[in-house]
Each structure stands twice: as C-alpha cells, then as structure tokens.
J.: 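To start, I am sharing the structure in question, which I have written as structure tokens.
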There are 4 protein chains.
Amino acid sequence: MTQNISSKPVRQRVTRTRVALTDALLALLEERAQEHITIRDITTRAQVGYATFFRNYPDKEALLHDLAADEINRLLTMTLPLFFGVDSESSCRALCAYVWEHRKLWTGLLTGGAAPTLKQEYLNQALRLLDEPDQSKSWLPGDLAVTFAVTAIIEILAWWLKQEHPLAVKDMAETLNRLAVQPIMSTERGPSGIKKP
Amino acid sequence: MTQNISSKPVRQRVTRTRVALTDALLALLEERAQEHITIRDITTRAQVGYATFFRNYPDKEALLHDLAADEINRLLTMTLPLFFGVDSESSCRALCAYVWEHRKLWTGLLTGGAAPTLKQEYLNQALRLLDEPDQSKSWLPGDLAVTFAVTAIIEILAWWLKQEHPLAVKDMAETLNRLAVQPIMSTERGPSGIKKP
Amino acid sequence: MTQNISSKPVRQRVTRTRVALTDALLALLEERAQEHITIRDITTRAQVGYATFFRNYPDKEALLHDLAADEINRLLTMTLPLFFGVDSESSCRALCAYVWEHRKLWTGLLTGGAAPTLKQEYLNQALRLLDEPDQSKSWLPGDLAVTFAVTAIIEILAWWLKQEHPLAVKDMAETLNRLAVQPIMSTERGPSGIKKP
Amino acid sequence: MTQNISSKPVRQRVTRTRVALTDALLALLEERAQEHITIRDITTRAQVGYATFFRNYPDKEALLHDLAADEINRLLTMTLPLFFGVDSESSCRALCAYVWEHRKLWTGLLTGGAAPTLKQEYLNQALRLLDEPDQSKSWLPGDLAVTFAVTAIIEILAWWLKQEHPLAVKDMAETLNRLAVQPIMSTERGPSGIKKP
DNA sequence: CTCTAATCGAGACGGTACGTCGCGTCTTACG
DNA sequence: CGTAAGACGCGACGTACCGTCTCGATTAGAG
C-alpha cells in the first residue's frame, strides 16, 4: 500500500517482512498503547532489522495506517449494508458480533492511542463509498453523517471494550443502532424532536 | 489548578506566569497543531524561561488540561441545562452561538491535536455532574450516554469549524440536537426505531 | 573579607551569618566532596536564606576561600619557623600534631574537592611571606620551592588522612621533613645527590 | 578503552569518532581550562553529534581519562627507568625533554583543570607498576613514595610550563631529580637530614 | 517605646549545561 | 542486490544548579 514493488519474488519477501511488522505491532498493541511502542520495539518483536522498517514504511504512522486499513476493511464488509439502510439492526448485530469475537485485538486498537488512526481509516473508506452516489437529498450533509456515525461507532465500541462487565452483544447492537445509526437515517427536517408519522 | 500556592504575593507572580503560558499556548494552537508545538515554543512566546514551564506544569499535557478545563468550564455553563433536558433545543443554540463567537479559539482547540484533551476534560466535568443524581432508570448507562454525547458534540463542532462555508448557527444547533442530544433522551426501550407517541 | 561593611552593629549580624555559612560548609565537607555540595545545601544547613548567601559571597568558591584562608592561617602559625629553617624537624612535628588533632576537619578539607583551594590559599600566604626577604641566592627559584613544599605537604597529609591505619604523628613528621622540607633546604648546587659535608 | 566493541567494522567507525573527540578535547585544552569546556564545545569541534558523545563516554571525565591514559602511557615509557633507580638523572632529562618537545600540549594538560585527572592516571599506572614487585624494604610506604613523586613531578612541570622565561631542560631535569626523585631513593632511616655514606 | 531602615527568609525566575530518548539516515559486512 | 546490525545526526525533553530578583517580615538602634 505504501510502495509499488514490481518483481514478484521481491514482493514476496517484502510481504513477509510487512506481515511480520504488522503482526508485531498488533501483538504490542495488545500490551500497551501506541505512543509507548517504539519502532525498535516493533522490529525487535518482528525479528527484523531496525533499518528494514523504514524500507517498508516511512514511519510508525504508516504501518499503523496499513494495519488499520486492513482491519477496517474487514470490519466494513460487516457494516456495509448498514449504510444503505437495508436492515441497520442486523448490521449492527453483525458488527458487534465481529468485534466481540476479536475483542482482544480490537481492545488494543481502540483503547490505546491507535484509535484516531483507526477512525481516520474508517472515515476514509466510508467517505469513499459515499462519493459515488452523492445523495444530497438528506437534510444532513453526507460527510457529516459519515463522520458522526463513524466517530460514534468507534467511541461506543471503545466504551464497550473498556467495561469490566461488558454488555451482551445483542444489547450493544441495539444501543449502537439507536445512538449512531438511527439519528442519521431520519430523512425529513423537523422542528427539533424526531417525529415518526 | 495544578498546585496550591500559599503566600499571596508569590501566587500573583505564579498566576502571571501561568497566564502567560496559557495565552501563549492558545495563540500557538491557532497556528498549528498541538503535536507540533514544543515546550520551548510556548515559553519563548510567553517570554518565560524554559525551566519555568516545569515549575508550573509537569508537562505539556498538564498545561493543555488546565487550559481545556478552563474553556470547557466556560462552555459547560452554556451546556448545563442541556443535560437536564429542560430545553435541549435552546441549549444547543446557546452552545453553538458561544462556539461561533469564539470560533478562532475553538478551531484551534478542536481541529489540532488538542481535541482529545478537550474531550477528556469535557467528559470529566460532565461525568462529575452525573455522579450526584445517578438516575439509572434509563435504558442507557449514564457514563455511556455522557461519553457518546460529549464525543458527538466535539466531533460535530470540529466538523463545523473545519468547513469552508460553515452552516448557520441555527442549523448546526438543530443538527447537534438531533444527532447528539435526542438519541440519549428517549427513555423507553424500543425495537429499533424511535417512536414518539 | 569579601566586602567592606561599615556600620558596626550590622557587621555583627553579617559576621553571624558568615560564621553560620562557614560552619555549615565545614560540616558538609566532612560528609561529601565539595563538588557535590550545592549552595542550597549550605544555606539550608546554615538556617539561612538562599539569597543571603550571595549577599555575603559572590559564589561557593569565595566562601571556600574564606574558610581555607582561616584554616591555613591557623596552620601557618605552626609552620612558620619551618620556612626559616630554624628547626624543620620540630616544625613538622608541630604541624602533624595539629592536623592530627583536627583530623576530621582536615580530612574533609584535603580529601574532597576542596584540596586545590586549600593549596591555593596555602600558596598565597606562603608566597606573601616569601616576598619580603627575596633571598635569591638559592639554586632554587623561591616560588618553585614554595610551590613544591606546599604541594608536597598537602599531598602527604592527604595521603596520611586517607589511610585506614595511619602512621604515628612522629613518623609522619619525619617523612614530611625528608620529602617536602629537606629537599629545598640544601643550598649548594651539586651533581645529583645531596651532600652533607 | 571505555567499552569493548565486538564487530570489527563498527569498531572502525567508533574509533574514528573517539579519535575525533579526543583530538577536539586536546585542541580545546590548549585554548582554555577543562572546566570551561562544555561537552557541546567538544562535539561541535569534533564535527560529531552531541548525543554521540554519550554513546562513547559516560561523561566528560571519562573522555579526559582516556586521553590522559594515552598521554601518560607515552610519558611513562620515558619515566620507567626512573622508578627502578638505574639512572634517575638521565631519566629526568628524558622526561623533561619529552615534555618540552610537546610543551603546548602539556601546558594544556597541566595548567588547566585537567591536571588532577592527569595525576590520577599517572598514579594509576605507576601504582600498577609498583604492585608486582612490592619491595617493602624501604622506610617509605611504596604508595606514598609514588604519590609523592608523581605529584611533585606534575607540580614542578606545571610550574615550569607556566613560566614566562622557562628554565633550560637540563636545569629542570636536575631540579626534578633533586626534589621529586632523590628524596624517595635514600634507603635508610636517619634522624632528619640525608646522609651520603 | 516607638519609628525607620537595613537585612533577612522565602522562593519564583531566566539561563546554561547536562544526560536521555526516539526518530530517521547512513555505513558496512554478509548471504 | 537486499538485509541485519547498529552507529550516527538531530531535536525535544526534563533535571539540576546558578545567580538575580522581588516582597513581606524581622529587628536593632535612634529619637
């Protein structure tokens, strides 16, 4: 994602290194927050030379973005129908179930300093989906809707994963739906409250 | 806020220094993001010795928190009625109007790296208000409600201030109300949509 | 010694402060080396305001010099006959006896970083004595003789005080005499050894 | 000398850096006293990064010791016979001649604050020579003899190099011999004077 | 016995140097 | 050729101490 590598065998090696780095960062993210992970930590854990890191990524952020892009991409396939309003409830349930399944990973991603990067990547991908069919008929600017929904989702998930006694997946899904998704779904402009005719 | 200084004349000097530092940081925040402001930048701008910074604050975060606490405190007095549900619409309007009035300051606070600190301080103060009358009758855990609302408010305001052609105060207030406030107000538990009898 | 104070009563107070500072430094010198004693240490120990130090001495060196001058002055009254060659043996004995009596103090003075200052003061006072009757008839330049003797005395005493099982005063006196005093006493120029006709 | 570096190519670079630092310090010592040379001065002059200094030496003293050890080592090869009493006169001459030849360097070493370090290193190396054949037959403890001789030599040389019109090498050699060497050579214990049978 | 001025305590402050940490670059040897 | 190993330049950090400063409290001698 960061560089274009042409020759095939090289790409393999490069890929192997990147995977090692990504895995190392993931492992470390489950131990401590992103700000307290140094590049040396990552390369040591990845069994990779220090300088090698910079041949693959310009800096720590880039690796994190790559990692985040991957994870968000996976997550988004769960969330996609959500943005087309087909059945937001079950979309939310799918999303929560997925996160819960990988909660150790997502705890690392969302409760350390990596959250902003995650959010950024989530936003990027969501906004890209939005671009094509610009349905400006809503009372709400599209990018604000996405920004709001993504932030809310991230934040609510983070809150969830931080709890000592986390709520059930089903309850979280409903909460997510009511707080993050429903508010951007209502189509008409009303005085202040939300009417359902 | 960070230390208690006893003797009066000294406190004056200390206060002067802290004000200088706070003002300097505020000014710099309007120029560039928090991560790109060094402590030396602050002290230079504040016409204060470098070491003096550390006599007043343990690190940059502490100063930022002090500053954020002040600003949030001011903001909260606008927002207070909002959390008691009296009239969320006009509360939102007051809040938006206030932010708009000081939009240069708040642009610095919300669009640089300072936003997390701001949010944290907002949360702290809001949660403190929540503590006393713990109305757990809601379907929504109180701290999640606050976390959601605060995050949403911050995020929406940040989006607003980043726009080239920002919406009118009135419209933003309504948006804020519908996205950040109303969702946590509905008291009953419903299937998925939001009903208004 | 450092400033001229006019009014008499003031001088008393000043003197009291200086005595307190001097005593404090002396006490600290018995604990640790001069380089590791800060001015704040001294003023704290002396029960004196930090700034007051600078009202009496321009810096730590000045206080040390004052202190050294006093102690050396006392020591020199023991050593004086030594430089007029009357009876170097008994002069050495007197000197060693005196140092031994105050060995705790002199250990502090000679084995910490204060030794150079001590030596300097010793030199100053000894050279001042030398000035008047400039007997250049010796084969040895007067100031070199004094420099040598003083350094040797200081060094030998320092060695003595550092020993776990120090030699007797009598033995040290003889050693001092043979190493530091006799070598500058022989008046004629000889091939290499020292003749006694 | 401070660390053992294993890999060969690295050692080359390290060595280059250390040489640069040593040379820079030497050059600076000929300009001003050690206490007034900051580490930044040294690194700037050596065209080396500030932090790199600390990768090679824990502090300024360590560099000075390394440097002193080198120079003393060179000097000691001149002085060695001196300590075995073969021919102290010509040993002294050799020593003085050597110092005179490099008098600019040695002026820096001996008349700035570096002298104590030099002396210490001289002592270390001389005492190490003393260790093996501990000839305790002398009336004088071996370590005192060495301490005295070394101090005296250093001091006399320092005096020499500080003179505006320095004495001839020959004369200094004799002085050195009579003041610093002969006194520790006489083997028997006498009343006070020095007898030559 | 009070009044007044010098001195003192307390400690904040500007400044310099230190030593540390992490980043990103660079060199060198090796597979 | 590309990679591991790790030294290096750089810049920010936080600490320690110095010497200066301001300001209220103390105190001692003069009236």
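We name chains A, B, ... by the order of the sequence lines, and we start the count at 1 in each one. Values below: every heavy atom of this structure, side chains too, minus hydrogens, waters and symmetry copies.
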J.: In terms of heavy-atom contacts, does CD of A/Glu35 have more than 12 from other residues, nucleotides or ligands at under 6.0 Å?
T.: yes
J.: Applying side-chain contact (heavy atoms from CB on, under 4.5 Å), can you list everything that pairs with A/Asp59, at least two apart in sequence or on another chain?
T.: A/Glu61, A/Ala62
J.: Atom CZ of A/Arg18 to atom P of F/dG2: distance rounded to whole Å?
T.: 14 Å
J.: Can you measure C/Leu63 atom CG to F/dC18 atom C1' for me and round it to whole angstrom units?
T.: 15 Å
J.: Look at D/Asn56 and F/dA7 and indicate whether a side-chain polar atom (N or O) is within less than 4.0 Å of OP1 or OP2.
T.: no
J.: List, one per line, each side-chain donor-acceptor pair under 3.5 Å for residues 20-28 of chain B, sequence neighbours excluded.
T.:
| residue | atom | partner | partner atom | Å |
| --- | --- | --- | --- | --- |
| B/Thr22 | OG1 | B/Arg18 | O | 2.8 |

J.: Which pairs, with at least one residue in residues 107-122 of chain D and sequence neighbours excluded, count as a salt bridge (Lys or Arg N to Asp or Glu O under 4.0 Å)?
T.: C/Glu155-D/Lys119
J.: Within the 4.0 Å limit for protein heavy atoms, which parts of nucleotides 9-16 of chain F are touched? Write it as a string from 5' to 3', B for base, S for sugar-phosphate only, - for none.
T.: BBBSBBBB
J.: Suppose we screen for side-chain hydrogen bond (donor to acceptor under 3.5 Å, both in side chains). Which residues come up paired with D/Gln120, at least two apart in sequence or across chains?
T.: D/Asn124
J.: Got a sec, which residues hit salt bridge (Lys or Arg N to Asp or Glu O under 4.0 Å) with D/Arg32, two or more places apart in sequence or on another chain?
T.: D/Asp41
J.: Throw together a table of side-chain donor-acceptor distances under 3.5 angstrom for residues 105-113 of chain D, partners on residues two or more places apart or in other chains.
T.:
| residue | atom | partner | partner atom | Å |
| --- | --- | --- | --- | --- |
| D/Thr107 | OG1 | D/Arg103 | O | 2.5 |
| D/Thr111 | OG1 | D/Thr107 | O | 2.5 |

J.: Listed in order of residue number, which residues of residues 20-36 of chain C have a non-hydrogen atom at under 4.0 Å from DNA chain E?
T.: none
J.: For D/Ala51, which residues count as a side-chain contact (heavy atoms from CB on, under 4.5 Å) partner, sequence neighbours excluded?
T.: D/Arg55
